[in-house]
Amino acid sequence: MELSAKYNPAETEDKWYAYWLEHKFFHSEPDSREPYTVVIPPPNVTGILHMGHVLNNTLNDVLVRKARMDGKNACWVPGTDHASIATESKVVAKLKAEGIEKESLTREEFLAHAWEWKEKHGGIILNQLRKLGASCDWDRTRFTMDPDLSEAVINTFVYFYEKGYIYRGVRMVNWDPVGLTAVSDEEVIHRDTTSKFYHLRYFISDGNGNPTDKYLVIATTRPETIMADAAICINPADERYHWLKGKKVLIPLINKEIPVIEDSYVEMDFGTGCLKVTPAHDVNDYEIGIRHNLPVIDIIDNHGRLNEKAQILVGEDRFEARRKIEQMLQESGNLEKVEAYTSPVGYSERTNAVIEPKLSMQWFLKMEDLAKDALESVESGKVKLIPDKYRNTYRHWMENVRDWCISRQLWWGQQIPAYYLPDGKVVVAPNAQKALEKALEINPSVKAEDLRQDPDVLDTWFSSWLWPISVFDTNKAGHPDAEPNRDLAYYYPTNDLVTGPDILFFWVARMIMAGNEFMNDVPFRNVYLTGIVRDKLGRKMSKTLGNSPDPLKLIEQYGADGVRLGMLLCSSAGNDILFDESQVEQGRNFCNKIWNAYRLVNGWNTDESAKQSEAAAVAVQWFGNKLNAVLETVEDHYSKFRLSDALMTIYKFFWDDFCAWYLELVKPAYGCGIDPVTYDATLKFFDALLKMIHPFMPFITEELWQNMAPRKEGETIMLQRMPLAGTYDAKVIADFEMACGAVVAIRGIRQQKGLSPKETLDVVYGQGFPEGMLPVVVKLANVKPQFNAAGTVEGSAVSFMVGTVKMSVPLTGLVDEQEEIAKLEAELKHQEEFLAAVRRKLSNEKFVSGAPEKVVAMERKKEADSLSKIESIQAALASYGK
RNA sequence: GGGAGCAUAGCUCAGUUGGUUCAGAGCGUCUGCCUUACAAGCAGAGGGUCGGGGGUUCGACUCCCUCUGCUCCCACCA
C-alpha cells in the first residue's frame with residue numbers, strides 16, 4: 001500500500017475511534033481478570049474542553065490503556081457534574097439575555113429551562129474527549145443529577161442527619177451576593193486587595209444622646225456598616241482608653257447611642273486600638289457580640305445593598321454606599337483621615353464577587369470524625385498522594401477543617417430533603433411520603449400539603465464526593481450496611497485518580513470520607529495530582545488573557561496524538577505545566593517520524609535468497625537486548641507514575657536507537673531486497689515499538705499496526721499485550737555504544753576535514769575494541785578497519801578515544817601535525833591531572849577506609865583506565881616523533 | 001500572620017538512601033547537508049562555579065544553617 005510522505009491524522013483518527021466504539025473495546029464488565037478502575041473527575045456538564053482537561057484526560061487515558069494492555073480489565077467511567085452554582089449562573093445569565101428574570105419564574109419553570117440548557121450543552125465536553133482519544137466506557141456515562149445518583153445524594157443526607165452529623169443553624173456564612181447563595185469556606189478565595197482605611201470620629205454622648213466635644217477614633221475599611229454598629233470595643237488593658245469605660249458613644253450620621261465595651265480580642269497596637277463592633281457583618285464581631293450580648297443589626301440584603309435598617313443610603317449597593325458615606329462623613333466632620341490599606345478580601349470562587357459575611361440559616365455537616373478517618377487514610381498510606389509533598393497540605397487542612405456548609409440558595413441541584421411542619425419543626429426523609437409519616441409522629445393532624453420542603457439545594461460536592469461509589473452502585477451511598485452490587489464489589493476501590501491539586505479538599509478529601517463511611521475502604525489507591533496548565537510565560541490560562549489555546553483547534557491542526565504528546569512532554573506530577581504550542585509541534589513531528597519509519601520498512605521487498613549481512617546481524621542482536629533494557633526502564637517509570645519519563649524513554653528509543661541506528665544498519669543497499677531474517681526481526685521490533693507507544697499515541701499506532709499485517713475484523717492494538725521485559729546482555733549494549741562512539745567520531749572528522757561520506761577511510765583501532773561490532777563502524781562510517789594494539793599509525797593521522805580504546809584515522813596530507821600534536825598534548829595534560837586527582841583520593845587513608853568498597857574499586861578502575869589512556873596518548877605522540 | 005515547596009544549559013525539566021568518567025535529557029541555538037523513509041528531516045558542534053554565603057563529610061547538585069528570589073496552600077487584625 002502506497003503511503004503519503006506525511007502522516008495525516010484527520011484521515012485516521014475518526015476512523016479508528018469509531019472502530020473502537022463499534023467493537024466496544026472500551027466497555028468493561030466484571031470478570032475473572034484483575035480490574036483496573038478509574039473514574040473521571042466529572043467536568044461541569046455545560047463546560048467545554050480546556051487545556052486542563054486535555055492534560056488530565058491524556059494522563060488518565062495513558063494509565064487506562066497501559067493497564068488494558070497489561071491484561072487487566074480496565075474500566076474508565078466517564079460522566080459530568082451538574083455544578084450547581086456554575087450552571088445555575090449560566091442559565092440565569094442566558095435567561096436574562098432573553099429578558100427573563102429568574103425571580104419571575106417558579107422553581108419548576110426555572111428547572112425546565114436549566115434541563116433544556118443541560119440537554120443542549122451537556123454532551124459537548126464528552127464528545128470533545130472522544131476527539132482526544134479517551135478510552136472511556138461510554139456505556140457507563142453518568143451525570144451527578146441522574147435520578148438514581150440524586151437519590152443516592154438524598155439518602156446520604158438522610159443517613160448523616162440520622163447519624164447526628166447534619167444540623168441546621170444560624171451561622172455567619174460566606175455569602176455570594178451575585179450568586180445569591182452561601183458558599184463553603186473552600187469556595188472563598190482570599191486575595192490581597194488595596195482599599196482605604198477610614199479613621200472615623202465617634203463622639204461621646206452626654207448621656208442624653210447628644211454629642212459632647214470629646215471623641216474617639218476608630219479605623220475601619222467598611223464605613224458603610226457603621227449603622228450596624230452595636231458597640232465600640234477596647235482592650236481592657238489599654239490605659240489610653242480607660243477614660244472611655246462605661247461611656248456611650250454616638251454613631252456618626254445616625255446619632256445612635258452605643259456602649260463602649262471591653263474585650264481582649266482587640267489588638268492595642270493595630271489601627272487606633274478602638275474597634276467598632278458590627279455583629280451582623282463581620283465574623284469576629286459576631287463572636288464578640290455573642291460574648292457581650294449585643295444586638296445583631298443586619299443592614300445589608302442578599303444583593304449586597306443597604307436595607308431600611310441602615311436608615312440612610314437605603315437601596316444603595318455596598319460599594320456605592322461606601323463612596324457616598326465617605327463624602328457624608330467628611331461633610332459631617334467625622335472623617336479624620338483616609339489611608340491606603342492592603343488587606344485580604346474574600347472573593348467567590350465562582351462569581352468573583354466580594355464575599356459578604358452574612359448571618360443566615362444553613363445546613364452543616366460535622367466534619368470532625370470524618371476528617372479524622374480521612375487523614376488516617378492518607379497518613380497510613382492507604383491512599384498515596386503523588387507527589388508526596390501534598391501530604392503536608394492535606395494534613396493541615398484535615399486538622400483544621402470546620403463544619404461544611406452544605407446548603408445552597410439555588411434551585412439547580414438536589415433539593416434538601418428536609419420538610420417543615422407548620423409549627424416550624426423539621427423532619428428529614430428521602431421523600432415527601434416518608435416525610436409525612438415522620439411528621440405524623442410529631443403531629444397526628446398534619447397533612448401532606450402542610451409540609452413545606454426546604455427550598456435550598458445541596459452543595460455540588462455533596463454529590464460528587466459519592467462519585468467513585470455512585471457511578472457503580474447508587475444504592476450503597478447512604479446505606480453502609482447494604483451489600484454492594486456486582487459492579488461496585490468488583491470495581492471498588494478504584495486504582496488511580498488523576499486530578500488537579502486545586503480540588504484536593506473540595507473533592508479528593510471528601511471522596512475519601514464518603515468511601516470510608518459507606519464502603520469502609522478508601523475510594524482509590526493513588527491520587528496523581530497534576531499541575532496547573534499555564535502558558536509559556538507562567539501565567540494561568542484564562543479567557544480574559546486569551547492565552548488559552550482551543551484544544552480542538554490544536555487537534556485539528558496537529559492531530560490528537562500530537563496534542564497528547566505535546567501535553568505529556570512537559571508534565572511531571574505536581575509541577576505546573578508551562579504549555580507551549582511548539583511542544584505540540586514536536587508531538588506532530590514524532591508522529592511523522594513514526595510514519596516515515598514505517599514507510600521505509602513497508603517499502604522493503606524481501607529477497608529469500610539474501611543472506612543476513614554482518615551489520616544486520618549485529619543490529620538485530622543489539623536491538624533485541626536494548627529493547628528489553630528499555631522495557632525494564634519504562635516499566636519502572638510507570639510504576640512511579642513518571643509518565644513523561646516513560647514517554648521520553650520510548651521517544652528516544654524510537655527516534656535514536658531504532659531510526660538513527662537500527663534502521664540505518666539493516667537498511668539494504670539501494671535496489672536490493674532485504675533478507676527474510678532481518679525483515680522478520682524488524683517487523684517484530686516495530687510491532688513491539690507500536691505497542692509501547694500506543695498508550696501515549698493511540699491513533700497512529702492503531703493505523704500502522706492495522707497496516708503492517710493482515711488483521712481480522714475486531715482485532716486491535718489496544719487489546720494486544722504489552723511486551724514484557726526479558727533478560728538482556730548489558731555487554732552487548734555497552735559494546736554497541738562503543739561502536740557508535742567510533743562512528744560519531746569518524747563522522748566528526750569527516751565534517752571537520754571536509755571529507756565526503758562516500759570516500760572510504762582507513763581506521764586503526766587499538767586493544768580493547770569489541771571486534772564483533774566492527775561491521776557497525778564499517779557500514780555507518782564507511783571505513784576499512786585495521787587492528788594495531790596501540791591504536792596508532794605511522795605518519796599523519798587524526799586520533800581519538802572511544803572509552804579507553806585509542807583509534808586513529810590516517811589522513812596523509814590532510815592533517816595539521818602541529819595541531820594534532822597540540823591536541824594530544826592537551827589531552828595528555830588533562831588526563832594526567834585527572835590521574836593525579838584520583839591518586840590523591842586513593843592515597844587518602846580516610847577515603848580508602850571510609851568509603852564503601854565499590855566506590856574504592858571504581859576509583860582504582862579510574863586509575864587503571866587513566867593510565868592506559870595516557871599510555872596510548874604517549875604512543876600517538878611518539879608516532880609524531882614526540 | 002502561619003505552613004509548604006522551588007531555584008541545575010537560552011527555555012522546560014530529570015538527577016530516585018551523599019560515591020559509577022555525573023553535571024544530564026528534550027527543545028532551541030550554531031555549522032554542514034535536498035544522502036534513494038522523513039527538511040515536520042539527516043550529520044556534527046557549542047552551552048551550566050547546580051541561586052549567594054557558611055557548615056557537616058574522605059567525598060555535597062544531593063544533608064544542615066543562613067541570605068536572596070519566586071510559587072503555592074492555609075488564615076476572622078478591624
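Computed from a predicted structure; not experimentally measured. Each chain gets a letter, A, B and so on, in the order its sequence line appears, and its residues count up from 1.
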Subject >> Nearest-nucleotide comparison on RNA chain B, the residue closer to the 5′ end among A:Ala669 and A:Met858 >> reply: A:Met858
What nucleic acid atoms does [X] come within less than 4.0 Å of, heavy atoms only: base, sugar-phosphate, or nothing?
{"X": "A:Glu664", "result": "base"}
{"X": "A:Val744", "result": "sugar-phosphate"}
{"X": "A:Lys667", "result": "base"}
{"X": "A:Arg588", "result": "base"}
{"X": "A:Asp865", "result": "base"}
{"X": "A:Tyr265", "result": "base"}
{"X": "A:Cys659", "result": "base"}
{"X": "A:Lys640", "result": "base"}

Subject >> Ionic contact status for A:Arg201 with A:Glu336, cut-off 4.0 Å >> reply: yes
Subject >> Side-chain ion pair, A:Arg318 and A:Glu356, N-O less than 4.0 Å >> reply: yes
**OP:** Would you please determine if the base of B:U21 is stacked by A:Phe834, with stacking meaning a centroid separation under 5.5 angstrom and planes under 30 degrees?
**Re:** yes
According to a strict under-4.0 Å criterion, is [X] in side-chain N/O contact with OP1 or OP2 of [N]?
{"X": "A:Asn589", "N": "B:G41", "value": "yes"}
{"X": "A:Tyr651", "N": "B:C27", "value": "yes"}
{"X": "A:Lys389", "N": "B:C72", "value": "no"}
{"X": "A:Arg642", "N": "B:G15", "value": "yes"}
{"X": "A:Lys652", "N": "B:A25", "value": "no"}

Spacing of [X] atom [atom1] relative to [N] atom [atom2], expressed in whole Å:
{"X": "A:Glu832", "N": "B:U21", "atom1": "CD", "atom2": "P", "value": "20 Å"}
{"X": "A:Asn596", "N": "B:C34", "atom1": "CG", "atom2": "C1'", "value": "15 Å"}
{"X": "A:Gln751", "N": "B:G44", "atom1": "CD", "atom2": "C1'", "value": "4 Å"}

Subject >> Any A:Asp185 side-chain heavy atom under 4.5 Å of A:Trp404 side chain >> reply: no
Original post:
Can you tell if the side chain of A:Tyr7 reaches within under 4.5 Å of the side chain of A:Ile700, non-hydrogen atoms only?
Top reply: yes
**OP:** Report, as a single string ordered 5' to 3', how protein heavy atoms within less than 4.0 Å touch nucleotides 58-65 of chain B: B base, S sugar-phosphate only, - not at all.
**Re:** B-------
**OP:** Just need the stems in RNA chain B: three or more back-to-back Watson-Crick or G-U pairs, each with both distances under 3.5 angstrom, sorted by first number.
**Re:** B:1-7 with B:68-74, B:10-13 with B:24-27, B:29-33 with B:41-45, B:51-55 with B:63-67
Subject >> A:Arg588 to A:Tyr558 six-membered ring, cation-pi geometry met (6.0 Å, 45°) >> reply: no
Original post:
With rounding to whole Å, what would you report as the distance between B:G41 and B:C27 at their C1' atoms?
Top reply: 16 Å
**OP:** With ring pair (Phe, Tyr, Trp, His ring centres under 6.0 Å) as the test, would you mind laying out the steps for A:Phe658 and A:Phe685 before giving the verdict?
**Re:** CA-CA 9 Å; A:Phe658 187 63; A:Phe685 290 146; 7.4 Å; no
Original post:
In Å, rounded to the nearest 0.5 Å, how long is the span from OG of A:Ser264 to CD1 of A:Ile234?
Top reply: 12.0 Å
